[in-house]
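Below you'll find the structure, written out as C-alpha cells, and then a few comments.
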Amino acid sequence: MANGLDEVVAAETVLSDVDGLGGRLTIRGHSLADLAGRRSYAQVAHLLLEGFFDDLPEDAGLKESLGQARAEVFERLRPVLGALAALDVYSGMRAGMALLPDRKTLADALRLIAAPAVLTPALLRMGRGEQPVSPDAQADHAADMLRMLKGDTASPALAKALDTYLVTVCDHGLNASTFATRVVASTQAGLTSAILAGLGALKGPLHGGAPGPVIEMLDAIAESGDAATWLRAEIDCGERIMGFGHRIYRVRDPRADVLKAVVRKLVAAGGAVGRLAFAETVEQAALDVLRVAKPSRSIQTNVEFYTALLLEAAGFPKEAFTNVFAAGRVCGWVAHAREQQLTGRLIRPQSRYVGPLPELVA
Ligand code: COA
C-alpha cells in the first residue's frame with residue numbers, strides 16, 4: 001500500500017507538471033521562468049482557465065473581469081466583514097468564501113479567484129481597527145491587493161514582487177490542496193465547495209502553513225545567535241525545519257530560486273528586506289545540518305523559505321502568509337476543479353481493513 005500515495009497517479013492533467021529530479025515546474029507548456037515576472041497574475045489565470053469556460057474573455061479582458069469580481073466580492077461580503085474580522089484571518093477568509101454562490105459558472109470562478117485578495121487586506125485592516133479599502137476594478141490584481149492592505153498605491157517594485165509571487169505559486173501538480181479540491185469537484189459539487197476543501201488542506205504546516213513558522217524560526221535563531229546549534233537542537237527534538245524538504249523535489253525547489261531573485265530585486269530597489277543576508281546564512285546552515293542529520297534523503301530549500309521574506313517585505317503579517325498563498329493558488333484549484341468535472345470520474349479509492357473482525361456468533 002502507498003502510505004501517503006507516493007508515486008500514485010490519481011489524475012491526468014494539462015495544467016502543470018512537477019519534475020522532482022530535474023527541479024522543473026511546467027505550467028501549461030511554459031516553464032516557471034517563462035511566466036514568473038513576465039506575465040501578470042491575470043494573464044496566468046487566463047492560461048490556466050483556458051478551455052474550461054465557454055465564455056472566458058480574451059486574454060487581455062481577464063484583468064478587467066477579475067477587477068469586477070474583486071468589486072463584487074467586496075460589495076457582497078461588506079455587510080459581514082465585521083463578523084469575519086472577529087475570526088483569525090485565515091478562518092475569516094475561508095468563512096467569507098463559503099458565503100459565495102456554490103455553482104460552476106465563470107462568474108463564480110472569478111469571484112472565488114478574487115476573494116482571497118479582497119478579504120485578506122479587509123480583514124487585516126479591520127483587525128487593527130481601520131476601515132476596509134474598496135477594490136479598484138481597473139487596477140492590476142496584486143497592486144490592488146497591496147493598495148487595499150495599505151490604503152495607498154504600492155511602489156511598482158513591490159506590486160511586481162507580489163504579482164511574481166502569485167504567479168509562482170499558482171499551480172503545482174497534484175499537491176495536497178489541489179488533490180482535495182479535485183476530490184470534492186469529482187462529486188460534481190459546486191466550485192465553492194471544491195475550493196473550500198483546498199483551503200482546508202492548504203492551512204496545515206506541512207503544506208501552505210509553513211511560511212509563518214519560517215519567520216518564527218528566523219526570529220528564534222537571531223535571538224539564539226547560533227544557527228547551526230539551534231537547528232541541530234530542533235532536529236534532535238524530532239522537529240522539522242520549516243521551509244525545507246519536499247515530497248516531490250529531490251533537488252532545489254525552482255520556485256525558491258524565483259522568489260529569492262525577487263527578494264534580491266526588492267533589496268536593490270530599496271525595499272525593506274532587512275534580513276535577506278541573515279536568511280541566506282540560516283539557509284546554508286540548515287542545508288548543512290540537514291545533510292548530516294538525514295544523510296539518506298536530499299532535503300533542500302522549498303518555496304516557503306523565501307515566501308516568508310517576500311511577504312514580510314510586502315507588509316503582510318505572518319499570520320496572513322497562508323492567505324496570500326491561497327490568493328495565488330486559488331486559480332490553480334479552480335482550473336483543476338473544472339478539469340476534473342469535465343474530464344474525470346468520481347474519485348473513490350479503496351482502503352484495506354486492518355481492524356478486528358466481528359465476533360462469530362455461535
Ligand atoms: N526538517 C527535518 N527533517 C525533515 C524535513 C525537514 N524540513 N523534511 C523531511 N524531513 C525528514 C523527516 O523527518 C523524515 O526523516 P526520518 O526518515 O528520519 O523519519 C524524512 O525526512 C522523510 O520525511 P517524510 O515526512 O516522509 O517526507 P515527505 O516527503 O512527506 O516530506 C514535507 C515533505 C514537506 C512534509 C517535509 O519535507 C516537511 O515537513 N517540511 C517542513 C514543512 C515545510 O516546509 N512545508 C512546506 C512544503 S512546500
Side-chain angles (χ1 to χ4, degrees), residues 11 13-16 27-28 40-81 84 93-120 122 134-141 144-145 166 170-171 177-202 326-347:
T13 182
V14 297
L15 293 167
S16 64
I27 297 171
R28 289 210 110 164
S40 70
Y41 185 68
Q43 287 173 320
V44 172
H46 189 276
L47 188 67
L48 284 168
L49 298 181
E50 229 169 359
F52 300 128
F53 296 97
D54 293 339
D55 50 348
L56 189 70
E58 295 283 293
D59 186 351
L62 199 71
K63 176 187 160 191
E64 204 183 318
S65 308
L66 195 52
Q68 279 162 6
R70 286 195 304 277
E72 274 176 45
V73 168
F74 188 78
E75 284 315 316
R76 257 174 202 263
L77 298 181
R78 195 204 282 258
V80 294
L81 285 178
L84 298 177
M93 173 186 76
R94 188 175 51 185
M97 290 172 74
L99 299 173
L100 296 172
D102 195 15
R103 299 175 310 221
K104 300 175 189 165
T105 68
L106 177 66
D108 300 317
L110 291 176
R111 276 192 293 265
L112 286 162
I113 294 171
V118 173
L119 287 168
T120 304
S134 322
D136 170 2
Q138 309 304 317
D140 277 327
H141 194 64
D144 203 27
M145 190 174 180
L166 297 177
C170 70
D171 199 38
S177 57
T178 301
F179 182 52
T181 300
R182 285 189 81 124
V183 169
V184 174
S186 83
T187 69
Q188 296 297 340
L191 288 172
T192 301
S193 295
I195 294 329
L196 288 176
L199 285 168
L202 188 73
R329 182 57 56 84
V330 65
C331 72
W333 289 336
V334 168
H336 275 275
R338 290 302 294 149
E339 184 180 51
Q340 181 66 39
Q341 288 173 335
L342 294 169
T343 65
R345 293 173 69 209
L346 174 72
I347 297 175

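What you see below is based on every heavy atom in this structure, not just the backbone, and it leaves out hydrogens, waters and symmetry mates.
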Legend entry - Euclidean distance, E50 CD relative to D59 CG, rounded to 0.5 Å: 7.5 Å
Legend entry - With sequence neighbours excluded, residues passing salt bridge (Lys or Arg N to Asp or Glu O under 4.0 Å) with D144: R70, R147
Inset, instruction - Report the residues that fulfil side chain to side chain contact (heavy atoms under 4.5 Å, CB included) with P57, sequence neighbours left out, ordered by chain and then residue number. - result: L62, S65, L106
Inset, instruction - Drop me the distance from L56's CG to L110's CG, to the nearest 0.5 angstrom. - result: 7.5 Å
Legend entry - Shortest non-hydrogen contact between K104 and G190, atoms and distance: CG-CA, 4.3 Å
Inset, instruction - First locate atom CD1 of I113, then atom CG of L49, and finally report the distance between them rounded to the nearest 0.5 Å. - result: 4.5 Å
Legend entry - Atom CD of Q138 with >12 non-hydrogen neighbours under 6.0 angstrom: no
Legend entry - F53 and D108, any side-chain heavy atoms less than 4.5 Å apart: no
Legend entry - All pairs passing side chain to side chain donor-acceptor pair (under 3.5 Å) where residues 328-338 contributes a residue, at least two apart: D171-H336, N175-R329, S177-W333, R182-H336, R338-Q341
Inset, instruction - Evaluate the side-chain proximity of V73 to L112: yes if any heavy-atom separation is below 4.5 Å, no if none is. - result: no
Inset, instruction - Could you tell me the separation between the NE2 atom of H46 and the CG atom of L66, rounded to the nearest 0.5 Å? - result: 12.0 Å
Inset, instruction - Work out which heavy atom in S134 is nearest to a heavy atom in R78; give both atom names and the distance. - result: OG-NH2, 4.4 Å
Legend entry - With sequence neighbours excluded, residues passing side chain to side chain contact (heavy atoms under 4.5 Å, CB included) with A98: L196
Inset, instruction - Identify the two heavy atoms, one from M97 and one from V330, that lie closest to each other, and give their separation to 0.1 Å. - result: CE-CG2, 4.5 Å
Inset, instruction - Can you establish whether the number of heavy atoms outside E75 located under 6.0 Å from its atom CD is more than 12? - result: yes
Legend entry - Distance in Å, L15 CG paired with Q340 CD, rounded so as to fall on 0.5 Å steps: 11.0 Å
Inset, instruction - For A327 and Y41, work out which heavy atoms get closest and say how close. - result: O-OH, 2.9 Å
Legend entry - Smallest separation among heavy atoms of G198 and T181, with atom names: CA-OG1, 3.3 Å
Legend entry - With sequence neighbours excluded, residues passing side chain to side chain contact (heavy atoms under 4.5 Å, CB included) with A117: H141, M145
Inset, instruction - Can you measure from CG (L100) to CG (L77) and round to the nearest 0.5 angstrom? - result: 5.5 Å
Legend entry - Heavy-atom closest contact (L191 atom, A337 atom, distance): CD2-CB, 3.7 Å
Inset, instruction - Go through the structure and list residues passing side chain to side chain contact (heavy atoms under 4.5 Å, CB included) with V184, not counting sequence neighbours. - result: A189, S193, A194, A197
Legend entry - Check: V14 main-chain N/O paired with E339 side-chain donor or acceptor under 3.5 Å: yes
